[in-house]
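See below for the structure under consideration.
Side chains included, hydrogens not; waters and symmetry mates left out as well; all remaining heavy atoms used.
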Amino acid sequence: MNKKAITAIAAVLALPMAAGAGPDDDTLVVNEEIEMVTKAAAPAHIADAVDEIMSGWHFRKDETQALQMDDFENPAMIFVDQALDAWNTVEGTEGKSCASCHDDVEESMKGVRAVYPKWSEAAGEVRTLNMQINDCRENHMGAEKWKYTGGKMSAMEALISVQSRGLPVNVAIDGPAQSAWEKGKEMYYTRTGQLELSCANCHEDNYGNMIRADHLSQGQINGFPVYRLKNTKLNTAHARFKGCVRDTRAETYKPGSADFVALELYVASRGNGLSVEAPSVRN
Amino acid sequence: MKLTSLTLALSLAGAAAMAGEVAPKAVQYGEYGEVSASLTGVAGDAASGAVIAGTKSKGNCVACHQVSALADVPFHGEIGPSLDGAGDRWSEEELRGLVANAKMTFEGTMMPAFYKVDGFIRPGDAYTGDAGAEPLPPILTAQEIEDVVAFLATLKEE
């Protein structure tokens, strides 16, 4: 390294820490009842890159954090209520609702979110929760599929995810899911677009740092779908991925594409051990 | 001049390099990533460079760097080193290389190349998310680079 590079590094070290830099040490308990694991030792498959995994909740301001601590305050819960109606509504040519096959959502969907995306033996592919929802609609209900990132879809995803709140994310990365996982990993480290930035540049190398006005988190998806104060709706992981890839001045991938399914599996696996937090609240 | 030919003249100026300008692919980087020759032959304007460095749709250098001289621009990032004193640490040639393509100085750096037009993975059409056809327009023009370099050269420690 030349002398100037050393000077440059010294200059960084000498910089006073900006207020609020780094993740905080707050504790997330929802409804004074569900204790969330928001920091955990990194799972073995990323331990060479990160020591500790952290929920995006730690990187948000106190006011935003508070909204997620009580369901009466959480603006996302209204969509969960709407999805509960949809759960019980008969639609399509088969005269069925979700409840016709799955009864009580609180019973049947407990633990489901925590293991998705997962390999579907029947379909011979890795499926996200949203893909599974549309498969039920098309093939079991004879109903139209929902737009992948749309309001009805993200609400149903939230309703199903709520049943796993507090349980550890635990997606399988081996066996038949392994090749999708490898592909997602490759995508995570590929520097795309005219800015030549990868997910890892921002969310692995720089979490805790400010990028302009944004406090970079680890880009975890244990809290998805996420209610954003910015657009006042639920946002799916694929919509978020799309925005992040676009911001590298790259051609994005399509929500629901095999590419983003692979990336979702990989990103979800980086959060193995964190609690399912959905629906969480972000700015 | 008629309006149509005026539009044509402007779009030609935008597309092709101006006479006497060094095109992105013709830039000569030295052993340490420095660029000796001015990209335009026209002296950079430090005041204009300061605006470019602080503007989101232009250099947006403050996204990653703290710069005391731009204290009136809100929100400075923490990704790269503070640029305070950059004019003491680096020569004009080195600064030109850093802004045009910092990867020639710092291998693998996260800092984007502002005067590079091809060789990208999934190149996009600016921030639309759509595909872009290489060669892409460089993020900054040759004269904008010269202006930013002139601004950086003014950043001295006390």
Side-chain angles (χ1 to χ4, degrees), chain A residues 1-22 186-187 189-216 238-239 241-255 259, chain B residues 31-33 54 56 60-66 73-86 88-91 94 98 101-103 105-114 116-139 157:
Chain A
M1 200 189 317
N2 66 23
K3 206 165 79 221
K4 282 174 183 146
I6 294 173
T7 323
I9 290 166
V12 191
L13 293 176
L15 208 70
M17 290 289 274
E186 162 129 22
M187 287 171 73
Y189 287 102
T190 299
R191 300 183 64 165
T192 59
Q194 194 170 15
L195 299 186
E196 298 176 278
L197 295 173
S198 68
C199 313
N201 282 140
C202 287
H203 295 297
E204 181 174 290
D205 302 336
N206 279 292
Y207 66 84
N209 287 333
M210 299 298 291
I211 186 163
R212 198 88 205 233
D214 289 313
H215 193 197
L216 282 169
H238 289 202
F241 294 167
K242 190 177 164 189
C244 282
V245 177
R246 182 199 58 213
D247 286 350
T248 70
R249 294 174 81 114
E251 178 189 3
T252 58
Y253 307 84
K254 271 213 184 66
D259 300 291
Chain B
E31 196 186 344
Y32 301 104
K56 195 164 182 190
N60 200 19
C61 313
V62 293
C64 294
H65 295 282
Q66 184 271 334
V73 177
F75 306 119
H76 296 201
E78 305 170 318
I79 309 282
S82 166
L83 296 183
D84 293 358
D88 291 324
R89 289 192 291 278
W90 305 94
S91 69
E94 290 168 327
L98 276 166
N101 186 351
K103 285 156 178 94
T105 304
F106 298 111
E107 201 190 328
T109 183
M110 183 165 159
M111 179 161 155
F114 290 88
K116 181 178 167 188
V117 293
D118 59 9
F120 302 114
I121 298 171
R122 299 186 72 84
D125 175 9
Y127 290 107
T128 61
D130 297 333
E134 292 185 342
L136 302 172
I139 299 174
E157 299 285 5

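For the side chain to side chain contact (heavy atoms under 4.5 Å, CB included) with A:Ser198, the lone residue among A:His203, A:Arg191, A:Glu204 that qualifies is A:Arg191.
A cation-pi geometry, defined here as NZ or CZ lying under 6.0 Å from the six-membered ring centre and within 45° of its normal, does not hold between A:Arg249 and B:Phe120.
Within 6.0 Å of the CD atom in B:Glu134, the count of heavy atoms belonging to other residues, nucleotides or ligands exceeds 12.
Between A:Glu196 and B:Lys116, at least one side-chain N (NZ, or NE/NH1/NH2) sits under 4.0 Å from a carboxylate O, which counts as a salt bridge.
Both the backbone and the side chain of B:Lys56 come within contact range of chain A, with heavy atoms under 4.5 Å apart. Using a 4.5 Å cut-off between heavy atoms, A:Leu197 contacts chain B through its side chain alone, with no backbone atom that close.
Chain B forms the most heavy-atom pairs under 4.5 Å with one residue out of A:Arg212, A:Arg246, A:Lys242, and that residue is A:Arg212.
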